[in-house]
Amino acid sequence: MNDDVFVSAEELDRQKNFEEKDKKILFGRLRRAPKAYVHTFGCQGNVSDGERIKGELSLMGYEFTDKPDDADFVLYNTCAVREHAEDRVFGNVGALKPIKEKNKSMIIAVCGCMAQQKNIADVFKKSYPYVNLVFGTFASYRLPENIYKILTTGKRVFDTVEEPGRIAEGIPAVRDNGARAWLPIMYGCNNFCTYCIVPYVRGRERSRKPEDILAEAKKLISEGAKDITLLGQNVNSYGLNADYGVDFPDLLRMINDLPGDFIIRFMTSHPKDLTNKLIDTIAESEKCVHHIHLPVQSGSDRILKLMNRHYTRERYLEIVDYAREKIPDVSLTSDIIVGFPGETRKDFEDTLSLVEKVKYTSLFTFIYSPRPGTLAAKMDDPTPSAEKSKWFKELCDLQSDIASQRTAAMVGKTYRVLVEKGDEEGYLMGRTGGNVAINFKGDDSLVGEFAYVKVTKALTWIVYGEKV
Ligand code: SAH
Ligand code: SF4
Ligand code: F3S
């Protein structure tokens, strides 16, 4: 991998210059700090992008609000992975129309994976005239320049040019949660699973330099991060297209060796590139949680082939066996697509039997959603959607049974968790290494600290416990 994978220092300086200019214009016009509302949809990778976009905005002088009505700049950072995700964005952007009518100088922007698709950018151009700015995933680092164009010309800006994708280093992240942090180690995807839009909207795989990742990890730790998730669409191919001489297990070990009391998670691990070396490294790295998110997508070899996943059911189960041998308490989670084009009842039953065999801690299940431009969207899809919904429910029911058994087995055991504010009134929450949430009572001052919690009661997905 050569240096043109990185946005040049000159270009980043140029954007810094626009940041200064934007700040002057905005403070001059408003006579106060401008306010931004940023909402991110989609995966953790997108959440991490959103944090960096907020970083750019804060350098332009923006402060943040959680109400779009209060904002001078509203940004939706979007996801295109399923149709439902896109529908939600159109709904949210549509709801801004009356707000913009009251506040004409408000800048409305859409970015992220939807925005990167030309056909979708065109929908915003034609049908949402009050949207001022649409920029794709490749253009995030050009936000200062794009805002400058809007501030100085009043014209709408569409920056959705397709590029191989580059890495912009040095943009700070504005993070909402001090203790939990996302750390991107790579961007893009080369795998072209036939159902998936991600490679089209995120470009080719590119790995950050180990020294940049380590420097950011150190910074996060010094800021109080205690739970760091390494992010990539396929972390197992980290470094493979670069000449860093560092692969993902090496990187994991380097981060594990940094001083400090923190835990390391990572996602997502593509089974085709998962090595025994990785499993050994997890087993030997005391800060790495015993959890592997290992999306299988289907238990049928025929469907795996049509999906272009490059592994078989047998190989997948071999990985599971090796992981369970080396890390006896390993927690496995997965993503599964139900109703891929041409999937038969027999194929689906192969998925059920695989789920039964692996006994996942939890599953993310999705009904196949055709994505225009992908290969699968052109495949014959004769199975009626009512049938797919029935299968989907069957899979969810099976997983509920398995999850209940797993959570019931946690009762009486004690786990070390990082304390977070709970979703449930009156409770704090802590996630086990295996990513199961435990609700327990305790003082708010514990938030952001590690605590030992003994499980006292288990429901299907959540368990309750007491601090010990
Ligand atoms: N890079 C990750 C997944 C990213 S997308 C991996 O390879 O595992 C997250 C999940 O969304 C996928 O694992 C898949 O299960 C699901 N997904 C992606 N495209 C989809 C589609 N067109 N329809 C339904 N689910 C989809
Ligand atoms: Fe999509 Fe496959 Fe890449 Fe994951 S590995 S992002 S599912 S193309
Ligand atoms: Fe993530 Fe959705 Fe884009 S899953 S990479 S935000 S399409």
Side-chain angles (χ1 to χ4, degrees), residues 39-51 53 76-89 110-117 120 136-138 140 165 182 184-206 230-238 240 266-274 292-299 303-304 306-311 316 332-341 343 351 360 362-379 381 385 388-389 391-392 395:
H39 187 90
T40 295
F41 298 87
C43 63
Q44 279 95 340
N46 214 33
V47 172
S48 164
D49 287 356
E51 293 179 341
I53 289 169
Y76 283 110
N77 181 24
T78 63
C79 170
V81 81
R82 283 169 292 274
E83 195 178 352
H84 174 71
E86 297 195 337
D87 291 344
R88 279 174 60 201
V89 169
V110 179
C111 71
C113 295
M114 273 173 85
Q116 187 57 53
Q117 299 170 91
I120 302 268
T137 58
F138 303 131
S140 287
W182 312 118
I185 63 167
M186 58 199 297
Y187 301 95
C189 181
N190 287 356
N191 295 314
F192 289 94
C193 302
T194 52
Y195 51 81
C196 186
I197 195 72
V198 171
Y200 301 91
V201 293
R202 290 277 165 177
R204 294 297 65 75
E205 213 166 83
R206 48 217 187 268
L230 310 180
L231 296 176
Q233 290 300 346
N234 174 14
V235 291
N236 297 329
S237 60
Y238 172 79
L240 296 188
F266 59 87
M267 70 190 311
T268 294
S269 213
H270 194 307
K272 86 179 162 65
D273 300 308
L274 188 142
I292 309 176
H293 181 60
L294 193 63
V296 68
Q297 313 297 357
S298 167
I303 296 297
L304 286 172
L306 288 173
M307 287 177 162
N308 193 33
R309 289 289 288 182
H310 292 284
Y311 53 85
Y316 185 90
L332 296 168
T333 56
S334 202
D335 295 350
I336 289 182
I337 296 176
V338 174
F340 183 82
E343 183 171 305
T351 297
Y360 293 106
S362 59
L363 272 187
F364 296 91
T365 44
F366 310 102
I367 292 188
Y368 169 73
S369 169
R371 304 286 65 212
T374 61
L375 280 178
K378 298 185 197 90
M379 295 178 189
D381 190 2
S385 74
K388 294 186 183 184
S389 302
W391 296 354
F392 182 77
L395 176 61

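Order of listing sets the numbers, starting from 1, for every ligand and every atom in it. What you see is a predicted model, and the numbers here were worked out from it, not measured in a lab.
Near R309, meaning under 4.0 Å from any of its heavy atoms, are these atoms of ligand 1: 7 (O). Near R371, with a cut-off below 4.0 Å to any heavy atom, the atoms of ligand 1 are 22 (N). Set against the non-hydrogen atoms of Q233, the atoms of ligand 1 under 4.0 Å away are 1 (N), 2 (C), 3 (C), 4 (C). The ligand atoms of ligand 1 that sit less than 4.0 angstrom from a heavy atom of I367 are 24 (C). Shown in contact with S369 at under 4.0 Å from a heavy atom are these atoms of ligand 1, numbered in order with element: 21 (C), 22 (N), 23 (N), 24 (C). Atoms of ligand 1 found under 4.0 Å from any heavy atom of Y368, numbered from 1 in the order shown, are 23 (N), 24 (C).
In this structure, atom 1 (Fe) of ligand 3 lies nearest to the protein heavy atom C43 SG, 2.3 Å. Ranking the protein heavy atoms by distance from atom 15 (O) of ligand 1 puts Q297 OE1, 2.7 Å first. Of the protein's heavy atoms, R82 NH1, 3.2 Å lies nearest to atom 16 (C) of ligand 1. Of the protein's non-hydrogen atoms, the one nearest atom 18 (C) of ligand 1 is V81 CG2, 3.5 Å. Atom 7 (S) of ligand 2 has its closest protein heavy atom at Y195 OH, 3.4 Å. Of the protein's non-hydrogen atoms, Q233 NE2, 3.4 Å is the one closest to atom 5 (S) of ligand 3. At the top of the distance list for atom 2 (Fe) of ligand 3, counting protein heavy atoms only, stands C79 SG, 2.4 Å.
Listed by chain and number, the protein atoms of type N/O/S under 2.8 Å from atom 3 (Fe) of ligand 2 are C189 SG; waters are omitted.
Proximity of the aromatic rings of F392 and F366 is defined here by a centroid distance below 6.0 angstrom, and this criterion is not met.
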